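No experiment lies behind these values; they were computed from the predicted model shown. Reminder, nothing fancy here: chain letters follow the sequence lines and each chain counts from 1.
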There are 2 protein chains.
Amino acid sequence: MALNHAIMTALLDDRLSGYELTKSFDTSLGFFWKASHQQIYKALRDLEKQGLLESEDVPQAGKPDKVIYGLTAAGREALEQWVLGDSRVTESKDDMFVKFYNLSPNNAPHLLQELVERREQDGMRLALYQRIKERHYTEPGALPVRKRGIYLALLAGIRHCETRLAWAREAEALLQGVMAEAVSAANS
Amino acid sequence: MALNHAIMTALLDDRLSGYELTKSFDTSLGFFWKASHQQIYKALRDLEKQGLLESEDVPQAGKPDKVIYGLTAAGREALEQWVLGDSRVTESKDDMFVKFYNLSPNNAPHLLQELVERREQDGMRLALYQRIKERHYTEPGALPVRKRGIYLALLAGIRHCETRLAWAREAEALLQGVMAEAVSAANS
DNA sequence: GAGGCATATGCAAAGAGTTGCATAATCTAA
DNA sequence: TTAGATTATGCAACTCTTTGCATATGCCTC
(Lines give C-alpha, C1' and ligand atoms only; values in the text may rest on other atoms or scores of the structure.)
Protein backbone atom coordinates (compact mmCIF):
# COMPACT_ATOMS: atom_id res chain seq x y z
CA MET A 1 0.00 0.00 0.00
CA ALA A 2 1.57 3.24 -1.11
CA LEU A 3 -0.69 5.52 0.91
CA ASN A 4 1.49 4.65 3.88
CA HIS A 5 4.58 5.44 1.90
CA ALA A 6 3.15 8.65 0.53
CA ILE A 7 2.46 9.75 4.09
CA MET A 8 5.96 8.84 5.19
CA THR A 9 7.32 10.73 2.20
CA ALA A 10 5.39 13.82 3.26
CA LEU A 11 7.00 13.48 6.69
CA LEU A 12 10.56 13.32 5.37
CA ASP A 13 11.25 16.96 6.21
CA ASP A 14 8.48 17.98 8.59
CA ARG A 15 6.60 16.65 11.56
CA LEU A 16 2.93 17.08 10.68
CA SER A 17 -0.50 16.41 12.14
CA GLY A 18 -3.17 14.43 10.35
CA TYR A 19 -4.97 17.62 9.55
CA GLU A 20 -1.88 19.22 8.03
CA LEU A 21 -1.19 16.07 6.03
CA THR A 22 -4.73 16.09 4.72
CA LYS A 23 -4.22 19.59 3.41
CA SER A 24 -0.86 18.82 1.88
CA PHE A 25 -2.44 15.83 0.13
CA ASP A 26 -4.81 18.30 -1.46
CA THR A 27 -1.96 20.21 -3.05
CA SER A 28 1.59 19.15 -3.94
CA LEU A 29 1.83 15.43 -3.28
CA GLY A 30 -1.88 15.29 -3.96
CA PHE A 31 -1.30 15.43 -7.67
CA PHE A 32 0.08 11.91 -7.44
CA TRP A 33 -1.84 10.56 -4.52
CA LYS A 34 -5.22 11.57 -3.17
CA ALA A 35 -6.47 10.56 0.25
CA SER A 36 -9.29 11.53 2.59
CA HIS A 37 -8.72 12.56 6.18
CA GLN A 38 -10.33 9.31 7.36
CA GLN A 39 -7.74 7.32 5.47
CA ILE A 40 -4.89 9.46 6.67
CA TYR A 41 -5.75 9.37 10.37
CA LYS A 42 -6.13 5.61 10.21
CA ALA A 43 -2.87 5.15 8.33
CA LEU A 44 -1.05 7.33 10.89
CA ARG A 45 -2.27 5.17 13.77
CA ASP A 46 -1.31 2.00 11.90
CA LEU A 47 2.14 3.31 11.05
CA GLU A 48 2.73 4.30 14.65
CA LYS A 49 1.72 0.83 15.80
CA GLN A 50 4.28 -0.58 13.39
CA GLY A 51 6.93 1.67 14.88
CA LEU A 52 7.52 3.57 11.64
CA LEU A 53 6.15 6.82 13.03
CA GLU A 54 6.22 8.42 16.45
CA SER A 55 3.66 10.90 17.71
CA GLU A 56 3.58 13.81 20.07
CA ASP A 57 0.60 15.61 21.56
CA VAL A 58 0.71 19.33 20.94
CA PRO A 59 -1.64 21.48 23.02
CA GLN A 60 -2.72 24.58 21.16
CA ALA A 61 -4.27 27.84 22.23
CA GLY A 62 -7.14 29.13 20.15
CA LYS A 63 -7.51 25.79 18.35
CA PRO A 64 -8.16 22.19 19.33
CA ASP A 65 -5.03 20.30 20.38
CA LYS A 66 -3.34 18.21 17.75
CA VAL A 67 -1.10 15.18 17.40
CA ILE A 68 1.96 15.54 15.23
CA TYR A 69 3.78 12.62 13.70
CA GLY A 70 7.38 12.16 12.62
CA LEU A 71 9.40 9.40 11.01
CA THR A 72 11.34 7.05 13.24
CA ALA A 73 14.68 5.60 12.14
CA ALA A 74 12.82 2.40 11.28
CA GLY A 75 10.38 4.46 9.22
CA ARG A 76 13.16 6.07 7.21
CA GLU A 77 14.71 2.68 6.62
CA ALA A 78 11.38 1.15 5.51
CA LEU A 79 10.79 4.05 3.14
CA GLU A 80 14.22 3.66 1.55
CA GLN A 81 13.57 -0.01 1.00
CA TRP A 82 10.17 0.66 -0.50
CA VAL A 83 11.68 3.01 -3.08
CA LEU A 84 13.91 0.20 -4.31
CA GLY A 85 10.97 -2.13 -4.99
CA ASP A 86 8.65 -2.30 -8.00
CA SER A 87 6.11 0.45 -8.54
CA ARG A 88 2.43 -0.01 -8.85
CA VAL A 89 0.33 2.12 -11.16
CA THR A 90 -3.37 2.58 -10.75
CA GLU A 91 -4.36 4.19 -14.00
CA SER A 92 -6.65 7.15 -13.55
CA LYS A 93 -10.32 6.56 -14.11
CA ASP A 94 -12.29 9.33 -15.59
CA ASP A 95 -15.97 9.13 -16.40
CA MET A 96 -15.66 12.01 -18.80
CA PHE A 97 -13.54 10.12 -21.31
CA VAL A 98 -15.93 7.19 -21.26
CA LYS A 99 -18.71 9.67 -21.90
CA PHE A 100 -16.96 10.89 -25.03
CA TYR A 101 -17.45 7.41 -26.46
CA ASN A 102 -21.16 8.20 -26.20
CA LEU A 103 -21.03 11.57 -27.94
CA SER A 104 -24.26 12.69 -29.61
CA PRO A 105 -25.79 16.05 -30.52
CA ASN A 106 -28.04 15.48 -27.53
CA ASN A 107 -25.29 15.26 -24.92
CA ALA A 108 -22.71 17.53 -26.57
CA PRO A 109 -23.80 20.62 -24.61
CA HIS A 110 -23.44 18.74 -21.35
CA LEU A 111 -19.99 17.45 -22.27
CA LEU A 112 -18.96 20.93 -23.32
CA GLN A 113 -19.95 22.22 -19.91
CA GLU A 114 -17.99 19.51 -18.13
CA LEU A 115 -15.03 20.31 -20.34
CA VAL A 116 -15.16 23.99 -19.38
CA GLU A 117 -15.21 23.06 -15.69
CA ARG A 118 -12.24 20.77 -16.16
CA ARG A 119 -10.35 23.42 -18.00
CA GLU A 120 -10.85 25.81 -15.14
CA GLN A 121 -9.66 23.25 -12.60
CA ASP A 122 -6.63 22.32 -14.67
CA GLY A 123 -5.87 25.98 -15.21
CA MET A 124 -5.89 26.69 -11.48
CA ARG A 125 -3.76 23.69 -10.74
CA LEU A 126 -1.30 24.62 -13.45
CA ALA A 127 -1.04 28.15 -12.05
CA LEU A 128 -0.38 26.73 -8.59
CA TYR A 129 2.35 24.42 -9.82
CA GLN A 130 3.97 27.15 -11.86
CA ARG A 131 4.01 29.43 -8.84
CA ILE A 132 5.72 26.70 -6.83
CA LYS A 133 8.18 26.08 -9.63
CA GLU A 134 9.10 29.72 -10.01
CA ARG A 135 9.42 30.21 -6.29
CA HIS A 136 11.49 27.16 -5.38
CA TYR A 137 12.71 25.37 -8.47
CA THR A 138 14.03 27.94 -10.90
CA GLU A 139 17.46 26.34 -11.11
CA PRO A 140 16.96 22.58 -10.85
CA GLY A 141 20.66 21.85 -11.44
CA ALA A 142 21.60 23.78 -8.31
CA LEU A 143 19.17 22.01 -6.00
CA PRO A 144 20.09 19.28 -3.54
CA VAL A 145 19.47 15.84 -4.99
CA ARG A 146 16.16 15.08 -3.33
CA LYS A 147 14.73 18.46 -4.34
CA ARG A 148 15.62 17.63 -7.91
CA GLY A 149 13.37 14.58 -7.66
CA ILE A 150 10.52 16.74 -6.40
CA TYR A 151 11.22 19.12 -9.24
CA LEU A 152 10.77 16.29 -11.73
CA ALA A 153 7.47 15.29 -10.18
CA LEU A 154 6.33 18.89 -10.28
CA LEU A 155 7.40 19.13 -13.90
CA ALA A 156 5.34 16.03 -14.71
CA GLY A 157 2.32 17.72 -13.10
CA ILE A 158 2.85 20.88 -15.10
CA ARG A 159 3.25 19.08 -18.39
CA HIS A 160 0.21 16.99 -17.67
CA CYS A 161 -1.96 20.03 -16.99
CA GLU A 162 -0.70 21.80 -20.09
CA THR A 163 -1.46 18.79 -22.24
CA ARG A 164 -4.97 18.49 -20.86
CA LEU A 165 -5.64 22.17 -21.39
CA ALA A 166 -4.50 22.02 -25.00
CA TRP A 167 -6.64 18.94 -25.56
CA ALA A 168 -9.65 20.60 -23.96
CA ARG A 169 -9.42 23.50 -26.40
CA GLU A 170 -9.48 21.11 -29.34
CA ALA A 171 -12.30 19.13 -27.82
CA GLU A 172 -14.37 22.25 -27.23
CA ALA A 173 -13.96 23.29 -30.85
CA LEU A 174 -15.07 19.88 -32.05
CA LEU A 175 -18.08 19.86 -29.73
CA GLN A 176 -19.11 23.27 -30.90
CA GLY A 177 -18.94 21.96 -34.45
CA VAL A 178 -21.20 19.06 -33.54
CA MET A 179 -23.70 21.42 -31.96
CA ALA A 180 -23.66 23.84 -34.89
CA GLU A 181 -24.33 20.97 -37.29
CA ALA A 182 -27.25 19.80 -35.20
CA VAL A 183 -28.77 23.28 -35.27
CA SER A 184 -28.43 23.68 -39.03
CA ALA A 185 -29.79 20.16 -39.60
CA ALA A 186 -32.83 21.03 -37.50
CA ASN A 187 -33.42 24.19 -39.56
CA SER A 188 -33.33 22.50 -42.96
CA MET B 1 -20.05 3.02 -10.44
CA ALA B 2 -18.74 3.80 -13.89
CA LEU B 3 -17.38 0.33 -14.59
CA ASN B 4 -20.95 -0.64 -15.44
CA HIS B 5 -21.25 2.30 -17.76
CA ALA B 6 -17.88 1.65 -19.35
CA ILE B 7 -19.03 -1.88 -20.10
CA MET B 8 -22.30 -0.67 -21.56
CA THR B 9 -20.35 1.83 -23.64
CA ALA B 10 -18.20 -0.97 -25.03
CA LEU B 11 -21.42 -2.75 -26.00
CA LEU B 12 -22.90 0.21 -27.90
CA ASP B 13 -21.94 -1.25 -31.29
CA ASP B 14 -21.14 -4.89 -30.61
CA ARG B 15 -22.47 -7.82 -28.66
CA LEU B 16 -19.48 -9.17 -26.74
CA SER B 17 -18.60 -11.91 -24.28
CA GLY B 18 -16.92 -11.25 -20.95
CA TYR B 19 -13.69 -12.54 -22.38
CA GLU B 20 -13.84 -10.21 -25.37
CA LEU B 21 -14.70 -7.29 -23.12
CA THR B 22 -11.74 -8.09 -20.91
CA LYS B 23 -9.46 -7.86 -23.90
CA SER B 24 -11.01 -4.65 -25.17
CA PHE B 25 -10.52 -3.17 -21.70
CA ASP B 26 -6.84 -3.91 -22.16
CA THR B 27 -6.65 -1.77 -25.28
CA SER B 28 -8.82 1.12 -26.47
CA LEU B 29 -11.28 1.87 -23.68
CA GLY B 30 -8.67 0.54 -21.31
CA PHE B 31 -6.72 3.75 -21.47
CA PHE B 32 -9.53 5.37 -19.51
CA TRP B 33 -10.81 2.45 -17.53
CA LYS B 34 -9.03 -0.68 -16.43
CA ALA B 35 -10.83 -3.74 -15.13
CA SER B 36 -10.00 -7.35 -14.37
CA HIS B 37 -11.96 -10.23 -15.80
CA GLN B 38 -13.37 -10.98 -12.36
CA GLN B 39 -14.83 -7.50 -12.17
CA ILE B 40 -16.20 -7.67 -15.67
CA TYR B 41 -17.94 -11.04 -15.37
CA LYS B 42 -19.56 -9.94 -12.13
CA ALA B 43 -20.68 -6.61 -13.59
CA LEU B 44 -22.19 -8.38 -16.59
CA ARG B 45 -24.29 -10.63 -14.37
CA ASP B 46 -25.40 -7.66 -12.27
CA LEU B 47 -26.34 -5.60 -15.32
CA GLU B 48 -28.32 -8.47 -16.74
CA LYS B 49 -30.20 -8.82 -13.45
CA GLN B 50 -31.05 -5.13 -13.68
CA GLY B 51 -32.41 -5.64 -17.18
CA LEU B 52 -29.84 -3.34 -18.79
CA LEU B 53 -28.15 -6.17 -20.68
CA GLU B 54 -29.40 -9.36 -22.27
CA SER B 55 -27.31 -12.46 -22.80
CA GLU B 56 -27.17 -15.28 -25.26
CA ASP B 57 -25.31 -18.57 -25.07
CA VAL B 58 -23.11 -19.16 -28.07
CA PRO B 59 -21.79 -22.70 -28.58
CA GLN B 60 -18.42 -22.72 -30.26
CA ALA B 61 -16.41 -25.34 -32.09
CA GLY B 62 -12.73 -25.52 -31.28
CA LYS B 63 -13.16 -23.31 -28.21
CA PRO B 64 -15.22 -23.37 -25.02
CA ASP B 65 -18.75 -22.01 -25.42
CA LYS B 66 -19.30 -18.39 -24.51
CA VAL B 67 -22.03 -16.04 -23.38
CA ILE B 68 -22.41 -12.82 -25.31
CA TYR B 69 -24.11 -9.74 -23.93
CA GLY B 70 -25.90 -6.87 -25.63
CA LEU B 71 -27.60 -3.69 -24.50
CA THR B 72 -31.35 -3.73 -23.98
CA ALA B 73 -33.46 -0.67 -24.74
CA ALA B 74 -33.46 0.05 -21.01
CA GLY B 75 -29.67 -0.22 -21.03
CA ARG B 76 -29.33 2.32 -23.82
CA GLU B 77 -31.66 4.65 -22.02
CA ALA B 78 -29.78 4.30 -18.71
CA LEU B 79 -26.48 4.97 -20.48
CA GLU B 80 -27.81 8.13 -22.11
CA GLN B 81 -29.01 9.38 -18.74
CA TRP B 82 -25.68 8.61 -17.13
CA VAL B 83 -23.83 10.69 -19.71
CA LEU B 84 -25.90 13.71 -18.71
CA GLY B 85 -24.89 13.45 -15.04
CA ASP B 86 -21.78 14.70 -13.27
CA SER B 87 -18.49 12.99 -13.91
CA ARG B 88 -16.27 11.48 -11.29
CA VAL B 89 -12.52 11.56 -11.56
CA THR B 90 -10.29 9.16 -9.74
CA GLU B 91 -6.88 10.68 -10.13
CA SER B 92 -4.26 8.16 -11.08
CA LYS B 93 -2.07 6.85 -8.35
CA ASP B 94 1.47 6.16 -9.24
CA ASP B 95 4.09 4.95 -6.81
CA MET B 96 6.84 6.12 -9.09
CA PHE B 97 6.08 9.79 -8.66
CA VAL B 98 5.97 9.43 -4.90
CA LYS B 99 9.34 7.74 -5.16
CA PHE B 100 10.79 10.74 -6.94
CA TYR B 101 10.14 12.71 -3.76
CA ASN B 102 12.65 10.34 -2.17
CA LEU B 103 15.37 10.73 -4.79
CA SER B 104 18.92 10.05 -3.60
CA PRO B 105 22.14 8.92 -5.29
CA ASN B 106 21.42 5.56 -3.72
CA ASN B 107 18.07 4.96 -5.40
CA ALA B 108 18.67 6.93 -8.62
CA PRO B 109 19.77 3.82 -10.60
CA HIS B 110 16.61 2.00 -9.58
CA LEU B 111 14.39 4.92 -10.55
CA LEU B 112 16.21 5.20 -13.84
CA GLN B 113 15.42 1.58 -14.55
CA GLU B 114 11.75 2.04 -13.71
CA LEU B 115 11.71 5.06 -15.96
CA VAL B 116 13.10 3.09 -18.87
CA GLU B 117 10.44 0.42 -18.41
CA ARG B 118 7.73 3.05 -18.33
CA ARG B 119 9.06 4.67 -21.43
CA GLU B 120 8.88 1.40 -23.27
CA GLN B 121 5.29 0.80 -22.16
CA ASP B 122 4.23 4.32 -23.08
CA GLY B 123 6.01 3.99 -26.41
CA MET B 124 4.15 0.80 -27.27
CA ARG B 125 0.84 2.27 -26.25
CA LEU B 126 1.48 5.40 -28.24
CA ALA B 127 2.32 3.32 -31.30
CA LEU B 128 -0.90 1.36 -30.87
CA TYR B 129 -3.02 4.49 -30.59
CA GLN B 130 -1.34 6.10 -33.56
CA ARG B 131 -2.00 3.00 -35.64
CA ILE B 132 -5.67 3.16 -34.67
CA LYS B 133 -5.80 6.86 -35.44
CA GLU B 134 -4.24 6.48 -38.85
CA ARG B 135 -6.42 3.56 -39.74
CA HIS B 136 -9.81 4.86 -38.63
CA TYR B 137 -9.62 8.52 -37.68
CA THR B 138 -7.61 10.33 -40.34
CA GLU B 139 -10.40 12.78 -41.11
CA PRO B 140 -12.20 13.50 -37.86
CA GLY B 141 -14.49 16.11 -39.43
CA ALA B 142 -15.93 13.52 -41.79
CA LEU B 143 -16.76 10.97 -39.09
CA PRO B 144 -20.22 10.34 -37.67
CA VAL B 145 -20.77 12.25 -34.45
CA ARG B 146 -20.14 9.46 -31.98
CA LYS B 147 -16.92 8.47 -33.73
CA ARG B 148 -15.74 12.01 -33.34
CA GLY B 149 -16.10 11.61 -29.58
CA ILE B 150 -14.02 8.45 -29.68
CA TYR B 151 -11.48 10.32 -31.77
CA LEU B 152 -11.18 12.96 -29.05
CA ALA B 153 -10.64 10.32 -26.39
CA LEU B 154 -8.02 8.67 -28.56
CA LEU B 155 -6.35 12.03 -29.10
CA ALA B 156 -6.22 12.57 -25.34
CA GLY B 157 -4.51 9.21 -24.98
CA ILE B 158 -1.97 10.06 -27.67
CA ARG B 159 -1.17 13.44 -26.19
CA HIS B 160 -0.86 11.95 -22.75
CA CYS B 161 1.62 9.31 -23.91
CA GLU B 162 3.66 11.88 -25.82
CA THR B 163 3.85 14.13 -22.79
CA ARG B 164 4.97 11.30 -20.56
CA LEU B 165 7.61 10.21 -23.03
CA ALA B 166 9.02 13.73 -23.28
CA TRP B 167 9.05 14.02 -19.50
CA ALA B 168 10.75 10.65 -19.15
CA ARG B 169 13.59 11.79 -21.39
CA GLU B 170 14.16 14.86 -19.23
CA ALA B 171 13.93 12.80 -16.07
CA GLU B 172 16.46 10.29 -17.35
CA ALA B 173 18.93 13.05 -18.14
CA LEU B 174 18.56 14.49 -14.67
CA LEU B 175 18.96 11.09 -13.02
CA GLN B 176 22.09 10.41 -15.03
CA GLY B 177 23.43 13.73 -13.82
CA VAL B 178 22.75 12.75 -10.22
CA MET B 179 24.54 9.44 -10.72
CA ALA B 180 27.54 11.05 -12.42
CA GLU B 181 27.90 13.50 -9.54
CA ALA B 182 27.80 10.68 -7.04
CA VAL B 183 30.58 8.85 -8.88
CA SER B 184 32.83 11.89 -9.08
CA ALA B 185 32.16 12.74 -5.42
CA ALA B 186 33.20 9.20 -4.43
CA ASN B 187 36.42 9.53 -6.45
CA SER B 188 37.48 12.80 -4.89
C1' DG C 1 -25.74 34.57 21.81
C1' DA C 2 -26.66 32.02 17.58
C1' DG C 3 -25.00 30.49 13.42
C1' DG C 4 -21.32 29.60 10.43
C1' DC C 5 -16.49 28.59 9.54
C1' DA C 6 -11.84 26.54 10.31
C1' DT C 7 -9.35 23.36 13.07
C1' DA C 8 -8.86 18.69 14.66
C1' DT C 9 -9.97 13.81 15.10
C1' DG C 10 -12.52 9.64 14.71
C1' DC C 11 -16.08 5.32 13.76
C1' DA C 12 -18.69 2.32 10.74
C1' DA C 13 -20.74 0.66 6.63
C1' DA C 14 -20.75 0.18 1.90
C1' DG C 15 -18.56 0.08 -2.48
C1' DA C 16 -14.71 -0.77 -5.61
C1' DG C 17 -10.68 -3.17 -6.83
C1' DT C 18 -6.94 -6.75 -6.28
C1' DT C 19 -5.18 -11.27 -5.54
C1' DG C 20 -5.25 -16.02 -5.31
C1' DC C 21 -7.36 -19.95 -6.62
C1' DA C 22 -10.30 -23.10 -9.49
C1' DT C 23 -12.37 -25.32 -13.52
C1' DA C 24 -12.69 -26.87 -18.21
C1' DA C 25 -12.27 -27.27 -23.39
C1' DT C 26 -9.23 -27.20 -27.24
C1' DC C 27 -5.07 -26.41 -29.84
C1' DT C 28 0.02 -26.48 -30.55
C1' DA C 29 4.60 -27.83 -30.13
C1' DA C 30 8.25 -30.66 -28.17
C1' DT D 1 1.59 -37.81 -24.99
C1' DT D 2 2.47 -34.63 -22.11
C1' DA D 3 3.23 -29.95 -21.17
C1' DG D 4 1.97 -25.34 -22.08
C1' DA D 5 -0.79 -21.66 -24.25
C1' DT D 6 -5.38 -19.70 -25.36
C1' DT D 7 -10.19 -19.30 -24.66
C1' DA D 8 -13.79 -18.92 -21.29
C1' DT D 9 -15.92 -18.37 -16.74
C1' DG D 10 -16.30 -18.07 -11.83
C1' DC D 11 -15.73 -17.87 -6.23
C1' DA D 12 -13.81 -15.98 -2.00
C1' DA D 13 -10.92 -13.27 0.81
C1' DC D 14 -8.73 -9.32 1.34
C1' DT D 15 -7.40 -4.47 0.79
C1' DC D 16 -8.34 0.06 -0.40
C1' DT D 17 -11.41 3.97 -0.91
C1' DT D 18 -15.62 6.53 -0.38
C1' DT D 19 -19.49 8.18 2.11
C1' DG D 20 -22.05 9.41 5.91
C1' DC D 21 -22.05 10.50 10.40
C1' DA D 22 -20.15 12.22 14.89
C1' DT D 23 -17.70 15.09 18.22
C1' DA D 24 -15.31 19.03 20.08
C1' DT D 25 -12.80 23.65 20.43
C1' DG D 26 -12.69 28.26 19.45
C1' DC D 27 -12.99 32.12 16.22
C1' DC D 28 -15.74 35.75 13.84
C1' DT D 29 -19.84 38.03 12.53
C1' DC D 30 -24.62 39.42 12.60
Side-chain angles (χ1 to χ4, degrees), chain A residues 1-7 15-27 29-30 32-50 53 55-69 82 85-95 98, chain B residues 1-8 15-27 29-30 32-50 53 55-69 82 86-95 98:
Chain A
M1 187 196 9
L3 169 58
N4 285 354
H5 299 102
I7 288 175
R15 298 167 62 78
L16 299 171
S17 70
Y19 192 78
E20 289 158 347
L21 276 164
T22 302
K23 280 188 301 179
S24 94
F25 268 73
D26 280 343
T27 56
L29 237 185
F32 310 107
W33 212 274
K34 283 266 191 298
S36 64
H37 73 98
Q38 291 93 334
Q39 269 182 288
I40 289 170
Y41 285 115
K42 179 164 191 319
L44 287 170
R45 292 190 297 267
D46 292 349
L47 286 166
E48 189 178 20
K49 244 177 241 161
Q50 290 171 48
L53 298 183
S55 71
E56 184 190 342
D57 287 25
V58 178
Q60 295 190 111
K63 294 183 216 172
D65 299 347
K66 66 180 177 181
V67 185
I68 62 170
Y69 291 85
W82 171 75
D86 286 342
S87 290
R88 247 181 59 179
V89 195
T90 307
E91 224 70 46
S92 79
K93 297 185 170 180
D94 192 335
D95 283 12
V98 178
Chain B
M1 185 198 8
L3 170 59
N4 285 355
H5 298 102
I7 288 175
M8 287 195 277
R15 298 167 61 80
L16 298 171
S17 69
Y19 191 79
E20 289 158 346
L21 276 164
T22 302
K23 279 188 301 181
S24 93
F25 269 72
D26 281 341
T27 56
L29 238 185
F32 309 107
W33 213 275
K34 283 266 190 299
S36 64
H37 73 97
Q38 291 93 334
Q39 271 181 288
I40 289 170
Y41 284 115
K42 179 165 190 320
L44 287 169
R45 292 189 297 269
D46 292 350
L47 286 166
E48 189 177 21
K49 246 178 241 162
Q50 289 171 48
L53 298 182
S55 70
E56 184 190 344
D57 288 24
V58 178
Q60 294 188 111
K63 293 183 218 176
D65 299 348
K66 67 181 176 180
V67 184
I68 62 171
Y69 291 85
W82 171 75
D86 286 342
S87 289
R88 250 181 55 178
V89 195
T90 307
E91 225 71 46
S92 79
K93 297 186 171 181
D94 192 334
D95 284 10
V98 178

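Relative to the side chain of A:Lys23, the nucleotides D:dA12, D:dA8, C:dT7 differ in distance, and C:dT7 lies closest. Among the nucleotides C:dT9, C:dT18, D:dG10, the one closest to any side-chain atom of B:Ser36 is C:dT18. Residue A:Lys93 places its side chain closer to C:dG17 than to any other of C:dG17, C:dT9, D:dT6. Taking every side-chain heavy atom of B:Trp33 into account, C:dG17 is the closest of D:dC11, C:dG17, C:dG10.
A:Asp95 places none of its side-chain heavy atoms less than 4.5 Å from the side chain of B:Phe32. Residues B:Ser17 and B:Ile68 form a side-chain contact, since some pair of their non-hydrogen atoms from C-beta on lies under 4.5 Å apart. Under the 4.5 Å side-chain criterion, counting only non-hydrogen atoms from C-beta, A:Asp65 is not in contact with A:Asp57.
A close approach under 4.0 Å does occur between a side-chain nitrogen or oxygen of B:Gln39 and OP1 or OP2 of C:dG17. Not one side-chain nitrogen or oxygen of B:Lys66 sits closer than 4.0 Å to the OP1 or OP2 atom of C:dA25. The shortest distance between the side-chain N/O atoms of A:Ser17 and the OP1/OP2 oxygens of C:dT7 is not below 4.0 Å. Between D:dC11 and B:Arg45, a contact under 4.0 Å exists linking OP1 or OP2 to a side-chain N or O.
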Polar-atom pairs under 3.5 Å, protein N or O versus N or O of nucleotides 26-30 of chain C: list them with distances, or write none.
residue, atom, partner, partner atom, Å
C:dT26, O3', B:Gly62, O, 3.2

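No donor-acceptor pair closer than 3.5 Å links the side chain of B:Lys49 to the backbone N or O of B:Arg45.
For the pair B:Lys34 NZ and D:dC16 C1', the interatomic distance rounds to 19 Å; values are reported in whole Å. Between B:Leu3 atom CG and D:dT17 atom P there is a gap of 17 Å when expressed in whole angstrom units. Between A:Glu91 atom CD and C:dA16 atom C1' the separation is 17 Å, expressed in whole Å. A straight line from OH of B:Tyr41 to C1' of C:dT18 spans 17 Å, rounded to a whole angstrom. We find that OH of B:Tyr19 is positioned 10 Å from C1' of D:dA5, with the value rounded to whole Å. Rounded to whole angstrom, the span from the NE2 atom of B:His37 across to the C1' atom of C:dA24 amounts to 14 Å. Separating the CD atom of A:Gln38 from the P atom of C:dA14 is a distance of 16 Å, rounded to the nearest angstrom. The separation between A:Met1 atom CE and D:dC16 atom C1' is 8 Å, rounded to whole Å.
Within the nucleic acid shown, B:Thr90 has no heavy atom closer than 4.0 Å to any nucleic acid atom.
Between B:Gly18 and A:Lys42, the residue anchored closer to the 5' end of DNA chain D is B:Gly18, taking for each the nucleotide with the nearest heavy atom.
In this structure, CZ on B:Arg15 lies 11.5 Å from CD on B:Glu20, to the nearest 0.5 angstrom. A distance of 8.0 Å separates CD of A:Glu91 from CG of B:Asp94, quoted to the nearest 0.5 Å.
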Contacts under 3.5 angstrom, residues 35-44 of chain B side chains, donor-acceptor by atom type, not counting sequence neighbours:
residue, atom, partner, partner atom, Å
B:Ser36, OG, B:Gln39, N, 3.4
B:Gln39, OE1, B:Ser36, N, 3.1
B:Tyr41, OH, B:Tyr19, N, 3.3
B:Lys42, NZ, B:Asp46, OD2, 3.0

